[in-house]
Visitor: 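If you scroll down you'll find the structure; I have some questions about it.
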Amino acid sequence: KILLNPIPRVMGSGATKAAPEAETMDGIENANETEAAAEEVTGLSPEEIQQKISAKDEAYEKTLDTQHGYYNAPHVKPLAETTPKKIRDDKWTVGDPLHIFCGTWNMEGCSAPKDLHEFITPSAYHIYAIGSQECLRSIQRSFLVSDKQDWEDSIQETLGKRYVKIGFETLVAIHVAVFVRADVACHINEKTVETASVTTGAFGGSLGNKGGVGVGFILGPPASSHSTTFLFLSGHFEAHQHAVSERNHDYKTITEDIKLGTKGKAVYKILSPDEKPIRDVTDEYDCVFFMGDFNYRVNGTRTAVEGLLDSTDPEIRNMLLANDQLLLEMRREKVFKGFNEPQVKFLPTYKFAPQSDTYETAKMRIPSWTDRVLYRQHPGMMEKRCAPAETLVISPFEYTSIQTMRHSDHRPVRASFVVGTPLPEISPSRVVVKNTDQSSACVVM
């Protein structure tokens, strides 16, 4: 376990400090009140600290889950208690479970590292989906040069020749690429692979400094109840502590406007540019994985958050998660409706000082889990399957950040899943009954 070094205090007499970012959470309206509120929590008990920084709305008051060391929330899913067996090196067949890797990293414009093995473990999964933001270049430079070939080449070199890049999409500095092991890729019809992007952000979303990109495909025979549809999305939402509603709107815009799925392209063909369909692309796939720098922050003050991070008591640290904007908005069904997230047990991924394990003090950003991976299984997925139900649940078994990759002010985050796939359809013409003197046998030819 890698622990952060103690974070130097910036509050108090004689301390040199940058102007804190103005906050609007918990009734804090400006920098002076921010500092005063931060001073108030010094020396308080954990219970008093929680009262100071918790959301005021009693309707969303949370309680700690003592069994998992996490607060009760229906969309928070514990990791599998046992690590799944290592994937077989021999040929994958329909009906076998799929091991899926999802990674996200805001690279802060840095070039591709020479070695990605800390982030991406090769040969351990059937499918790798890697989302990135501010990839290779800053957002400003990416307006001029958006190509991400060097990044894709680095991923391909890490994974090896056995993996095939089936799809990728770029929007200025936002990127997603999906690599599939060759013996799985042969079950994906290339005609079913689709990619698209949606702009949000500045000037009514016309620039593309923020937005989302996606890759969707069908595994198995198209238009068959024995196939599985997958969607991998990478997003970069609006920044800054107060912009919760803007982030919610970014999510809504991406999921409504992206031209993917069973309705996406068909609907846009018949509508005028000014009309928007009432739809959610995540309803149109069996399995959806959404990763990115969503930029949701922790409500509170810098000093209060630092004090909780310094504690080794897991219940004290869970107070931060009880004030995580993304989890609060999900609980209120304002965003990511129907999605789940594996339990967060790693440190906040933003904002770190350059090449350091300490959080920066220049801009005084509140340490937060801005970088996340969420997943959704379609509610009707079970109904159309013939395989045992327990094999069709998306099961998370790893969710962590990579603290040793200090290239950016964000830490990369990766998540691993096991996804069941439907058993192959057996045609009656392939079933032959063989009679012997002793018994009868049913053989699938």
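Predicted, not measured: the structure shown is a model, and the values here were computed from it.
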Visitor: Does the D324 side chain pair with the main chain of L320, one donor and one acceptor, at a distance under 3.5 Å?
Guide: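 Judged by distance alone, no pair lies under 3.5 Å.
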Visitor: Do the side chain of Q355 and the main chain of R406 share a donor and acceptor less than 3.5 angstrom apart?
Guide: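 Looks like yes, one N/O pair under 3.5 Å.
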Visitor: Can you name the residues that form a ring-ring contact (aromatic ring centres under 6.0 Å, His included) with F179, not counting sequence neighbours?
Guide: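 Checked F179 against ring-ring contact (aromatic ring centres under 6.0 Å, His included); zero matches.
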Visitor: Under 4.0 Å between a Lys/Arg side-chain N and an Asp/Glu carboxylate O for K91 and D183?
Guide: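 Not counted as a salt bridge, because no side-chain N and carboxylate O are separated by less than 4.0 Å.
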Visitor: Is it the case that atom CZ in R162 sees more than 12 heavy atoms from other parts of the structure closer than 6.0 Å?
Guide: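 Yes, the 6.0 Å shell around CZ holds more than 12 heavy atoms from other groups.
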Visitor: Treating T192 as the side-chain partner and I218 as the backbone partner, does any N or O pair qualify as donor plus acceptor under 3.5 Å?
Guide: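 Answer holds: yes.
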Visitor: Please report the C-alpha distance between L98 and V418 in whole Å, then the side-chain angles of each, then the deciding distance to 0.1 Å, and finally whether the side chain to side chain contact (heavy atoms under 4.5 Å, CB included) criterion is met.
Guide: CA-CA 6 Å; L98 282 171; V418 174; over 6 Å; no
Visitor: With a sphere of 6.0 Å drawn around NZ of K165, does it hold more than 12 non-hydrogen atoms of other residues, nucleotides or ligands?
Guide: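 Above 12, so yes.
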Visitor: Determine, using ring centers only, whether F417 and F289 are less than 6.0 Å apart.
Guide: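 Yes, they do, as the ring centres are separated by less than 6.0 Å.
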Visitor: Does D286 come within less than 4.0 Å of R376, counting only side-chain N to carboxylate O?
Guide: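 So D286 does not pair with R376 through a salt bridge.
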Visitor: Salt bridge or not for E329 and R247, using N-O below 4.0 Å?
Guide: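 The answer is no: the pair does not qualify as a salt bridge.
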Visitor: With a 6.0 Å cut-off (strictly less than), is the heavy-atom count around CD of E190, excluding the residue itself, greater than 12?
Guide: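 It does not: E190 CD has 12 such atoms or fewer within range.
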Visitor: Residues in ring-ring contact (aromatic ring centres under 6.0 Å, His included) with F336, at least two apart?
Guide: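 Partners of F336 by the ring-ring contact (aromatic ring centres under 6.0 Å, His included) criterion, ordered by chain and then number, come out as Y251, F290, F294, F339.
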Visitor: Could you pull out the closest heavy-atom pair between Y359 and P348, with the gap in Å?
Guide: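 The pair with the smallest heavy-atom distance is OH-O, 2.7 Å.
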Visitor: Testing the 3.5 Å rule here: is there a donor-acceptor pair between the side chains of S401 and Q403?
Guide: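 Per modelled atom types, S401 and Q403 side chains form a pair under 3.5 Å.
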Visitor: Are T358 and S356 linked by a side-chain donor-acceptor pair shorter than 3.5 Å?
Guide: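 There is such a pair between these side chains.
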Visitor: I'd like to know if E256 and K252 make a salt bridge, using a cut-off of under 4.0 Å between side-chain N and carboxylate O.
Guide: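 Yes.
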Visitor: How about F119: does its CZ atom have over 12 heavy atoms from other parts shown lying under 6.0 Å from it?
Guide: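 Above 12, so yes.
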Visitor: Quick one: does any side-chain atom of E108 pair with a main-chain N or O of D409 as donor and acceptor, under 3.5 Å?
Guide: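 Here the side-chain-to-backbone pair exists.
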Visitor: Donor-acceptor check, side chain of T404 to backbone of I402, threshold 3.5 angstrom: yes or no?
Guide: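 Pair absent, no side-chain N/O of T404 close to backbone of I402.
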Visitor: Establish, yes or no, whether the cationic atom of R414 lies under 6.0 Å from the six-membered ring centre of Y399 and within 45° of the ring axis.
Guide: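 No, cation not above the ring by the 6.0 Å, 45° rule.
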Visitor: Do we see a donor-acceptor contact under 3.5 Å between the side chains of D280 and T282?
Guide: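 Distance-only check passes for D280 and T282.
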Visitor: Not counting sequence neighbours, which residues clear ring-ring contact (aromatic ring centres under 6.0 Å, His included) with Y163? List them please.
Guide: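 Result, ring-ring contact (aromatic ring centres under 6.0 Å, His included) vs Y163: Y128.
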Visitor: Does any N or O in the side chain of E246 come within less than 3.5 Å of the main-chain N or O of D250, such that one atom is a donor and the other an acceptor?
Guide: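 No; judged by distance alone, with no hydrogens or angles, the pair does not exist.
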Visitor: Let's go through S416 and Y125 carefully: what are the C-alpha distance in whole Å and the side-chain angles of both, what is the deciding distance for side-chain hydrogen bond (donor to acceptor under 3.5 Å, both in side chains) to 0.1 Å, and is it a yes or a no?
Guide: CA-CA 9 Å; S416 303; Y125 305 90; 2.7 Å; yes
Visitor: Can a donor-acceptor pair be found between the side chains of S142 and R137 at a distance below 3.5 Å?
Guide: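 The answer is no; no qualifying pair exists.
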Visitor: Checking D310 side chain against G307 main chain: does a donor-acceptor pair fall under 3.5 Å?
Guide: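 No: the side chain of D310 does not pair with the backbone of G307.
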Visitor: Determine yes or no for a side-chain-to-main-chain donor-acceptor pair under 3.5 angstrom, with H378 supplying the side chain and D283 the backbone.
Guide: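 Yes; at least one donor-acceptor contact below 3.5 Å.
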Visitor: Using 4.0 Å as the upper bound for N to carboxylate O, is an ion pair formed by R365 and E360?
Guide: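 Between R365 and E360 there is no salt bridge, as every charged N stays at least 4.0 Å from the carboxylate O atoms.
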Visitor: Going by the side-chain hydrogen bond (donor to acceptor under 3.5 Å, both in side chains) test, name the single residue among N106, N295, T104 that passes it with Q133.
Guide: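 Option passing the side-chain hydrogen bond (donor to acceptor under 3.5 Å, both in side chains) with Q133: T104.
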Visitor: With a 3.5 Å distance limit and no angle check, can you tell me whether K148 reaches the backbone of S146 through a side-chain donor-acceptor pair?
Guide: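 The answer is yes, because a donor-acceptor pair under 3.5 Å joins these two groups.
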Visitor: Would a distance-only check, ignoring hydrogens and angles, find a side-chain to backbone donor-acceptor pair under 3.5 Å from S138 to R141?
Guide: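 Flag set: sc S138 to bb R141 pair under 3.5 Å.
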Visitor: With heavy-atom distances below 4.5 Å as the criterion, would you say the side chains of M107 and H410 are in contact?
Guide: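 Contact flag for M107/H410 side chains = no.
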Visitor: Of the options D293, D357, D371, which is the one that meets R411 in a salt bridge (Lys or Arg N to Asp or Glu O under 4.0 Å)?
Guide: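 Only match with R411 under salt bridge (Lys or Arg N to Asp or Glu O under 4.0 Å): D357.
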